Number of protein chains: 2
Amino acid sequence: MSPSPPQLSPKELSAYFAFTEVSSLLRHSVEKQLKDAGQLSYVQFQLLARLGDAPGGSQRMTDLADGVVYSRSGLTYQVQLLEQRGLVTRAPSPEDERSTIATITDDGRGVLATVFPGHIATVKDLLFDSLTADDIEGLERVLTQVSAHLRANPPRSAGSRKKS
Amino acid sequence: MSPSPPQLSPKELSAYFAFTEVSSLLRHSVEKQLKDAGQLSYVQFQLLARLGDAPGGSQRMTDLADGVVYSRSGLTYQVQLLEQRGLVTRAPSPEDERSTIATITDDGRGVLATVFPGHIATVKDLLFDSLTADDIEGLERVLTQVSAHLRANPPRSAGSRKKS
DNA sequence: TATTGTTATACTCTATAACTATA
DNA sequence: TATAGTTATAGAGTATAACAATA
């Protein structure tokens with residue numbers, strides 16, 4: 001289980017600390033903005049945004065769950081909340097009756113439109129304001145690569161069904 | 001309240017998406033590791049790590065709360081859990097009787113030592129494994145700058161106590 | 001009066017396991 | 001049998017407001 005403890009270089013350590021700090025503060029501010037502007041939790045916003053981008057404003061529950069890295073019960077819960085507010089509808093898939101298709105409503109798009117400008121402004125202010133165009137390009141390149149790396153190496157023991 | 005909605009360039013948008021994705025997946029994996037290896041929540045780990053680094057292994061509650069971006073009640077809750085497990089002690093400050101000083105115990109350092117290698121390994125695997133030394137250096141520089149920017153511009157309405 | 005910290009409380013979120021139904 | 005989703009439940013975490021004690 002613990003062969004030989006790897007180390008982080010000073011740069012890596014510093015980068016990691018900075019990353020966690022930026023992540024935490026940015027998340028905090030974004031959540032506050034979403035709640036203030038549209039009564040949305042971060043997850044709900046992500047779900048609406050994904051549905052808004054999807055063709056027809058629809059996606060299968062499972063696909064939604066994959067995108068947001070959620071347990072399916074958690075997704076059901078959040079989508080229920082959105083449905084109660086009339087921002088989303090649910091219906092069984094015509095192709096596969098086991099599947100549920102979630103679809104964003106006009107009201108849902110309305111909330112999204114209400115929330116979006118402030119969301120963008122927050123991100124721009126907090127994340128990009130102090131950076132040059134080159135910095136941003138580099139950040140984009142590196143983070144995209146890490147993201148791909150993470151998607152390629154999903155957490156080994158995280159989603160395991162049975163095991164022990 | 002909505003003067004002129006700013007926009008994100010394609011690069012910025014892509015960087016932001018990648019950032020949130022990396023942040024979410026990394027956090028997920030780290031939390032799982034900390035829980036598996038030492039029964040620690042992420043916040044508890046942060047608290048122990050800060051105390052472990054602090055001179056004498058001690059810090060005031062308020063200073064701890066500042067570092068972790070927490071409500072003070074939330075901090076009290078987490079420190080209570082750590083104290084119940086004997087990983088931390090609390091005592092009133094000699095200088096200012098209003099203050100409480102939290103101090104990490106030997107057991108606390110033990111848990112920290114148990115958890116640390118796996119924590120480092122997780123971060124290295126997930127965050128740095130796919131990057132070159134130059135990438136890491138650039139990432140460190142940019143994120144450190146953003147972090148400083150965020151610290152300089154604290155969320156306006158977030159932590160305000162008394163207000164008007 | 002202002003600051004430090006705790007408590008009481010209420011709420012949100014999340015995951016696990018059991019369950020239904022379709023394939 | 002395997003997959004998609006829901007439900008029931010239980011627990012962890014968080015914030016707000018009221019409170020006590022000290023400065």
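Below, read A as the first sequence line, B as the second, and so on, with proteins coming before strands; counting in each chain starts at 1. Predicted model, so just to flag it, every value in this text is computed and none were measured.
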Check: Which whole-number value in Å describes the distance from A/E31 CD to D/dA15 C1'?
Finding: 13 Å

Next item on the list: Please determine, by modelled atom types, if B/S23 and A/S23 share a side-chain donor-acceptor pair under 3.5 angstrom.
Entry: yes

Notebook entry, point to check: Heavy-atom contacts under 4.0 Å between residues 95-102 of chain A and DNA chain C, which residues?
Noted result: A/D96, A/E97, A/R98

Item checked: A/D135/B/R141 salt bridge by N-O under 4.0 Å criterion -> yes

Next item on the list: Can you tell me the distance, in whole Å, between the CG atom of A/L47 and the C1' atom of C/dC13?
Entry: 13 Å

Margin query: Closer than 4.0 angstrom, basic N to acidic O: yes or no for A/R60 and A/D96?
Written below: no

Margin query: Whether A/E31 and A/R27 form a salt bridge (side-chain N of Lys/Arg under 4.0 Å from carboxylate O of Asp/Glu) is what I want to check.
Written below: yes

Next item on the list: For residues B/Y16 and A/H119, establish whether the separation of their ring centroids is below 6.0 Å.
Entry: yes

Checklist line | Rounded distance (Å) that lies between atom P of D/dT3 and atom CG of A/D63 | finding: 15 Å

Between the protein and nucleotides 7-12 of chain C, are there any N/O to N/O pairs under 3.5 Å, and if so, what are the atom names and distances?
unit_1, atom_1, unit_2, atom_2, d
C/dT7, OP2, B/Q80, NE2, 2.6

Margin query: Distance check needed: C/dT6 C1' versus B/R60 CZ, whole Å only.
Written below: 15 Å

Notebook entry, point to check: Have B/S14 and A/E140 got a donor and an acceptor in their side chains that come within less than 3.5 Å?
Noted result: yes

Next item on the list: Nearest whole angstrom, please: distance from the P of D/dG13 to the OH of A/Y42.
Entry: 21 Å

Checklist line | Nucleotide C/dT4, atom C1' - distance to CG of B/L75 in whole Å | finding: 12 Å

Next item on the list: Return the set of residues passing side chain to side chain contact (heavy atoms under 4.5 Å, CB included) with B/K124 (not counting sequence neighbours), or none when no residue passes.
Entry: A/P6, A/L8, A/E12

Note to self: For A/F116, is the CZ atom crowded, meaning more than 12 foreign heavy atoms sit under 6.0 Å from it?
What the structure shows: no

Item checked: Per A/S71 side chain, nearest of listed nucleotides D/dG13, C/dT4, C/dT14 -> C/dT14

Item checked: side-chain N/O B/H28 vs C/dA15 OP1/OP2, d < 4.0 Å -> yes

Next item on the list: Specify the separation, in whole Å, of atom CG of B/L40 and atom C1' of D/dG13.
Entry: 15 Å

Note to self: If you compare all heavy atoms of A/A102 against all heavy atoms of A/M61, which two are closest, and at what distance to 0.1 Å?
What the structure shows: CB-SD, 4.3 Å

Checklist line | Whole angstrom value for the distance that separates C1' of D/dA15 from NZ of A/K32 | finding: 12 Å

